[in-house]
Amino acid sequence: MNEVDVAIVGAGAAGLSLAARLTDPAHGPAAPSVALVDPGPSTGPGPRTWCFWEPEGGAYDEAASAVWRRLRVVAADGTVVEGDPAPFRYKMLRSDRFEELLGSWFAGRPRLRRVTAAVTAVEDLPGGAAVHGIAPGGGAVSLRSRWVFDSRPLPALPPARTTLLQHFRGWFVRAGHDAFDPGAATLMDFRTPQPAHGLSFGYVLPWSAREALVEYTEFSRAPLEEHEYEAALAHYTGEVLGLGPFSVTGTEQGVVPMTDGSFPRRAGRHVFRIGSAGGATRPSTGYTFSAVQRQAAAIEAACLAGRVPVPPRPHRLRHHVMDAVLLRALDTGRVEGAAYFERLFRNNPLPRLLRFLDGASGPREEAAIGFSTPVAPMLHTLAELPLLRRTPAEPTTGRAGVPPR
Ligand SMILES: Cc1cc2nc3c(=O)[nH]c(=O)nc-3n(C[C@H](O)[C@H](O)[C@H](O)COP(=O)(O)OP(=O)(O)OC[C@H]3O[C@@H](n4cnc5c(N)ncnc54)[C@H](O)[C@@H]3O)c2cc1C
């Protein structure tokens, strides 16, 4: 059985980010030895587009496909709320470019070993843990490590008071004429027909005047059939955006759970969960990538300091409560989703909202955000939360990603 200091299970956003930090050459001989175990691209979730915000000069900038300095929200009546997120920039990272960049870093790092295997079991042992899996040829693989960080998707979501899904399908479009403003990303465009339950919006990420990723997204209880997303995208691109003739060069589809359930970060004395499986997804938005980076940085610091590297809570408790209130208010229909988000963006400077979503806001900023929402239904929902039981979530169709065609 091979021995390493750290075994990371899953080479997605969380596994790759953690491996990159732990094996940073700046650590010199203090860097732990790391095994990164993943079944490989043929069984992985497929390419995805990750967006997040951070100040200029981020670690993965050279892999970013686009960066925006203006962000927009469009109300149902077409009113545009636009702002500068400075000091943040909104960045788009394709997962395949991210993997390529980190792969090039890893090539010069002898402390990192990549193991191609589907992990079948992680065993917590006295003084460490063992990871067992099956290699592509069918052979058994086992390795022993001091710590294991497991990012495999959970078989089921945790029990929750509210479980919604952020589900979406996007088209990579090439328009026949200049149709986009490449300087601005549209986070939410509420000119889509609103569903009976939850909310829907368009999401537009243009990187040239003619090319963009255009998505139709819903926050609701169940995903749509593919033909329903296609119809919604045809309506949004044709009737709402008025794109005229265009071609679809790729598609992307996904389901991200929005839940107030709690995700255990510890699965044993030496086994921890990271990434989406460790609760990194922000319940109110589905954004995960930044929390994954914060988690990786904290684990790196704990490992180097010789502490037990329990991943920190990805989101502060009070933010979790605020998100739980919002999810419940949306699910019960007590607040109307499109109007709620439009008002939130209209009444708060963008950097304040972005800091809040990254867990970096202070109580005063949060009070201002709270008072910019419909206060009575939110307080009613807050008062109700302690009385609600957490129940098992309905099974979802998983976090599917459809590779570009
Ligand atoms: C289409 C899509 C778009 C998204 N866009 C955004 C976005 O714009 N911004 C944002 O912040 N978040 C976004 N998210 C949410 C989130 O950031 C991503 O899902 C992100 O990939 C989560 O990282 P992760 O490492 O937890 O999971 P993943 O990246 O899914 O990684 C899990 C890894 O586990 C591996 N694995 C699975 N089974 C095994 C096994 N048995 N043994 C070993 N390894 C295994 C898989 O191969 C995979 O590499 C998006 C999600 C989807 C689905």
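Whatever order the structure lists ligands and atoms in, that order sets their numbers, starting from 1.
- Taking 4.0 Å as the cut-off, Trp50 counts as a neighbour of ligand 1 on heavy-atom distance.
- Cation-pi geometry between Arg282 and Phe356 is met: the NZ or CZ atom falls under 6.0 Å from the ring centre, inside 45° of the normal.
- Here the closest non-hydrogen pair linking Pro47 and Glu252 is O-OE1, 4.1 Å.
- The shortest N or O to N or O distance between Asp38 and ligand 1 is below 3.5 Å.
- Backbone and side-chain nitrogen or oxygen atoms of Pro39 are examined, and none is located within less than 3.5 angstrom of a nitrogen or oxygen of ligand 1.
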- Message: With side chain to side chain contact (heavy atoms under 4.5 Å, CB included) as the criterion, how do Gln194 and Leu199 come out once you've worked through the C-alpha distance, each side chain's angles and the decisive distance to 0.1 Å?
- Response: CA-CA 6 Å; Gln194 293 302 305; Leu199 65 139; 3.6 Å; yes
- Query: Given Glu230 and Arg169, is the salt bridge (Lys or Arg N to Asp or Glu O under 4.0 Å) satisfied, shown in steps?
  - Reply: CA-CA 8 Å; Glu230 289 283 303; Arg169 183 173 173 86; 2.7 Å; yes
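- The distance from ligand 1 to the heavy atoms of Ser276 drops below 4.0 Å at these ligand atoms: 22 (C), 26 (O).
- For the pair Glu384 and Arg161, the salt-bridge criterion is not met [side-chain N within less than 4.0 Å of a carboxylate O].
- Taking a 6.0 Å sphere around CZ of Arg210, one finds it holds more than 12 heavy atoms contributed by other residues, nucleotides or ligands.
- In the vicinity of Val37, heavy-atom distances shorter than 4.0 Å reach the ligand 1 atoms 43 (C), 44 (N).
- Not a single heavy atom of Val292 sits under 4.0 Å from any atom of ligand 1.
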- Task: I would like to know whether Phe345 and Phe190 meet ring pair (Phe, Tyr, Trp, His ring centres under 6.0 Å); could you show each step before the answer?
- Result: CA-CA 13 Å; Phe345 280 94; Phe190 292 110; 8.5 Å; no
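- For ligand 1, the atoms sitting less than 4.0 Å from at least one non-hydrogen atom of Ala11 are 49 (O), numbered in the order shown with element in parentheses.
- Counting heavy atoms under 4.0 Å from ligand 1, residue Phe168 touches it through the side chain alone.
- Every N/O-N/O distance between Arg152 and ligand 1 stays at or above 3.5 Å.
- Ligand 1 has no nitrogen or oxygen under 3.5 angstrom from a nitrogen or oxygen of Tyr203.
- Scanning Ser151, Gly10, Ser17, Gly15 for the heavy atom closest to atom 32 (C) of ligand 1 points to Ser151.
- An N or O contact shorter than 3.5 Å links Thr49 to ligand 1 by distance.
- Around atom CZ of Arg269, no more than 12 heavy atoms belonging to other residues, nucleotides or ligands sit under 6.0 Å away.
- Taking distance alone, with nitrogen or oxygen atoms compared against 3.5 Å, Ala13 approaches ligand 1 more closely than that limit.
- Below 4.0 Å from some heavy atom of Pro153 lie the following atoms of ligand 1, by number and element: 37 (C).
- Close N/O approach between Ala118 and ligand 1 is not found [any backbone or side-chain N/O within under 3.5 Å].
- In this structure, a donor-acceptor pair under 3.5 Å is absent between the side chains of Thr381 and Arg328.
- Assignment of Gln253 to the shell around ligand 1 is supported, since a heavy atom sits closer than 4.0 Å.
- Ala31 and Leu22 get closest at one heavy-atom pair: CB-O, 3.7 Å.
- Under the 3.5 Å distance criterion, the side-chain polar atoms of Ser262 are left unmatched by any main-chain donor or acceptor of Asp260.
- With ligand atoms numbered from 1 in the order given, ligand 1 contributes 43 (C) to contacts under 4.0 Å with heavy atoms of Val9.
- For ligand 1, none of its N or O atoms has an N or O atom of Gly275 under 3.5 Å away.
- With hydrogens and angles ignored, the 3.5 Å screen pairs a side-chain donor or acceptor of His315 with a backbone N or O of Ala280.
- Closest of all the heavy-atom pairs between Val335 and Pro374 is CG1-CG, 3.8 Å.
- Less than 4.0 angstrom separates some heavy atom of Val256 from each of these atoms of ligand 1: 51 (C).
- The N/O atoms of Cys51, backbone and side chain alike, include one that comes under 3.5 Å of an N/O atom in ligand 1.
- When the heavy atoms of Leu357, Val115, Val119 are ranked by distance to atom 41 (N) of ligand 1, first place goes to Val119.
- Polar contact check, Tyr287 against ligand 1: no nitrogen or oxygen pair lies under 3.5 Å apart.
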